[in-house]
J.: 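Dropping the structure in here first, questions after.
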Amino acid sequence: MPELPEVETIKSDLGAMILNIKISGVKIFRDKSVKNRKEDFVRILKGNEITEIERRGKLLMMRLKKDDSFLLVHLRMTGQLVFCDKDKLLAGGGHSDKDKIGCLPGKHTRVHLEFANGKNLFFNDQRVFGYLKIVKKSELPEELKNFGPEPLGDDFNFDYFWQKIRKRKASIKAVLLDQKIIAGIGNIYADEVLFASGILPWRTASSLKRIEAEKIIKNTKIILKKAIKSRGTTFNNYVDGHGRKGNFVSKLKVYGRAGEKCFSCEGVVKKTRTAQRGTHYCGKCQR
Ligand SMILES: [Zn+2]
């Protein structure tokens, strides 16, 4: 699932390519992937332009020139945005096999936007948890009301975090995954942050000491910034116009490394299940 660094990467890549170009055609291949009435969705987008792309947590918000609206895109598990012309793939994303990326509607294409300059944007989504939705600007606060602070923002600080965890009985991993508490962290970065902080993922949030809470905040910011710089992790087949891939995968310390040697001690990285998710940790480095 794309997390904050991956969505941020898509945001900047797409922003460089699709802004201020008229949308000339809209095709919906799966009605349920669009959370508006089909007719409304097509009417508002056709002839419109995306003037700006913002991100909130894992949600992309594309500001539309006309109608005072935003096109929201949530990729969820397997959603993917592919921007391309005939034979050149300009931007991808998501989490599926290479053969599903192409500049034609594929088996998993749910929505296709055509641009006046001949370029195309495909929303592909194999497992169909993702969605597109147009909302009025005035509806945005309602749409975002369950989003916690941005982890890289000043709102995500010790006072805030301490107040959220000090009485919480859930595991600290569940807290990090809770988008109402912090928006944008998913399974990969939760495991990495907890390893960097030396904290076992299943510890009760309320058991954390102040210094441990401080470590989590510090490491969250460091790791997410590094991951953004590396263009994210999850895009096995994410390529842009220059053929670059997200390469944070080579910097992961525990995620996806079960059975391998810990980078910090003589121990071995293990995998268990915490907060209903596959969870990677080192039993020696984390307490
Ligand atoms: Zn270790």
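Positions are given from 1, in the same order as the sequence printed here. What you see is a predicted model, and the numbers here were worked out from it, not measured in a lab.
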J.: Would a hydrophobic clustering, with Ile, Leu, Val, Met, Phe, Trp and Tyr connected at side-chain separations under 4.5 Å, put Leu121 with Phe41?
T.: yes
J.: I'd like to know whether Ser230 forms a side-chain hydrogen bond (donor to acceptor under 3.5 Å, both in side chains) with Lys251, so could you lay out the CA-CA distance, the side-chain angles of the two residues, the decisive distance to 0.1 Å, and finally the verdict.
T.: CA-CA 9 Å; Ser230 299; Lys251 299 181 178 102; 3.0 Å; yes
J.: Go through it in stages, so that I can follow the logic: the residues are Lys136 and Glu139, the test is salt bridge (Lys or Arg N to Asp or Glu O under 4.0 Å), and I'd like the CA-CA distance, side-chain angles, deciding distance and then a yes or no.
T.: CA-CA 5 Å; Lys136 289 276 183 198; Glu139 294 164 337; over 6 Å; no
J.: Salt bridge between Glu212 and Arg203, side-chain N to carboxylate O under 4.0 Å?
T.: yes
J.: With a 6.0 Å cut-off on the ring centroids, do Phe195 and Tyr281 count as close?
T.: no
J.: Check the surroundings of atom CZ in Arg166: do more than 12 heavy atoms from other residues, nucleotides or ligands lie under 6.0 Å from it?
T.: no
J.: Are Tyr189 and Thr233 close enough that a side-chain donor and a side-chain acceptor fall under 3.5 Å?
T.: yes
J.: Do we see a donor-acceptor contact under 3.5 Å between the side chains of Asp191 and His280?
T.: yes
J.: Under a 4.0 Å threshold between the charged nitrogen and the carboxylate oxygen, would Arg231 count as salt-bridged to Asp13?
T.: yes
J.: Within the supplied structure, the quantity of interest is the number of heavy atoms (other residues, nucleotides, ligands) at a distance under 6.0 Å from Glu266 CD; does it exceed 12?
T.: no
J.: For Tyr131, what residues pass the ring-ring contact (aromatic ring centres under 6.0 Å, His included) criterion, not counting sequence neighbours?
T.: His74
J.: Specify the closest pair of heavy atoms between Gly148 and Ala183, including all atoms of both residues, with the distance to one decimal.
T.: O-CB, 3.5 Å
J.: Is Asp31 salt-bridged to Lys38, going by a charged N under 4.0 Å from an acidic O?
T.: yes
J.: Please test His112 against Asn120 for side-chain hydrogen bond (donor to acceptor under 3.5 Å, both in side chains), starting from the C-alpha separation and ending with a verdict.
T.: CA-CA 7 Å; His112 174 193; Asn120 300 276; 2.7 Å; yes
J.: Can you confirm whether more than 12 heavy atoms, excluding those of Gln276, are under 6.0 Å from its CD atom?
T.: no
J.: With a sphere of 6.0 Å drawn around NZ of Lys226, does it hold more than 12 non-hydrogen atoms of other residues, nucleotides or ligands?
T.: no
J.: Between Thr109 and Gly106, which heavy-atom pair has the shortest distance, and what is it?
T.: OG1-N, 2.7 Å
J.: Do Ile10 and Leu72 belong to the same hydrophobic cluster, where Ile, Leu, Val, Met, Phe, Trp and Tyr are linked whenever their side-chain heavy atoms lie under 4.5 Å apart, directly or via other members?
T.: no
J.: Short question: side chain of Thr204, backbone of Ser207 - any donor-acceptor pair under 3.5 Å?
T.: no
J.: Please step through side chain to side chain contact (heavy atoms under 4.5 Å, CB included) for the pair Glu49 and Lys66, ending with a clear verdict.
T.: CA-CA 7 Å; Glu49 294 172 25; Lys66 289 186 243 171; over 6 Å; no
J.: Nearest heavy-atom pair of Pro151 and Leu4: which atoms, and what distance?
T.: CG-CD1, 3.6 Å
J.: Mind checking ring-ring contact (aromatic ring centres under 6.0 Å, His included) for Phe147 and listing every partner two or more places apart, or none if nothing turns up?
T.: none
J.: For Asn117, I'd like to know if atom CG has over 12 heavy atoms of other residues, nucleotides or ligands within 6.0 Å.
T.: yes
J.: To check you understand the geometry: which heavy-atom pair defines the closest contact between Lys133 and Glu143, and what is its length?
T.: NZ-OE1, 3.0 Å
J.: Please identify each residue that fulfils side-chain hydrogen bond (donor to acceptor under 3.5 Å, both in side chains) with Glu54, with sequence neighbours left out.
T.: Arg63
J.: Whether the Lys137 and Ser69 side chains hold a donor-acceptor pair (N or O, under 3.5 Å, no angle test) is what I'd like checked.
T.: no
J.: Are there over 12 heavy-atom neighbours, none belonging to Lys221, within less than 6.0 Å of that residue's NZ?
T.: yes
J.: Specify whether Phe158 and Trp162 have parallel, tilted or perpendicular ring planes, treating 30° as the upper limit for parallel and 60° as the lower limit for perpendicular.
T.: parallel
J.: Can you check side chain to side chain contact (heavy atoms under 4.5 Å, CB included) on Leu140 and Arg56, steps first, answer last?
T.: CA-CA 11 Å; Leu140 262 189; Arg56 185 75 177 85; over 6 Å; no
J.: Tell me yes or no: between the side chains of Lys173 and Asn187, is some donor less than 3.5 Å from an acceptor?
T.: yes
J.: Val193 and side chain to side chain contact (heavy atoms under 4.5 Å, CB included): which single residue from Ile222, Ile188, Thr220 fits?
T.: Thr220
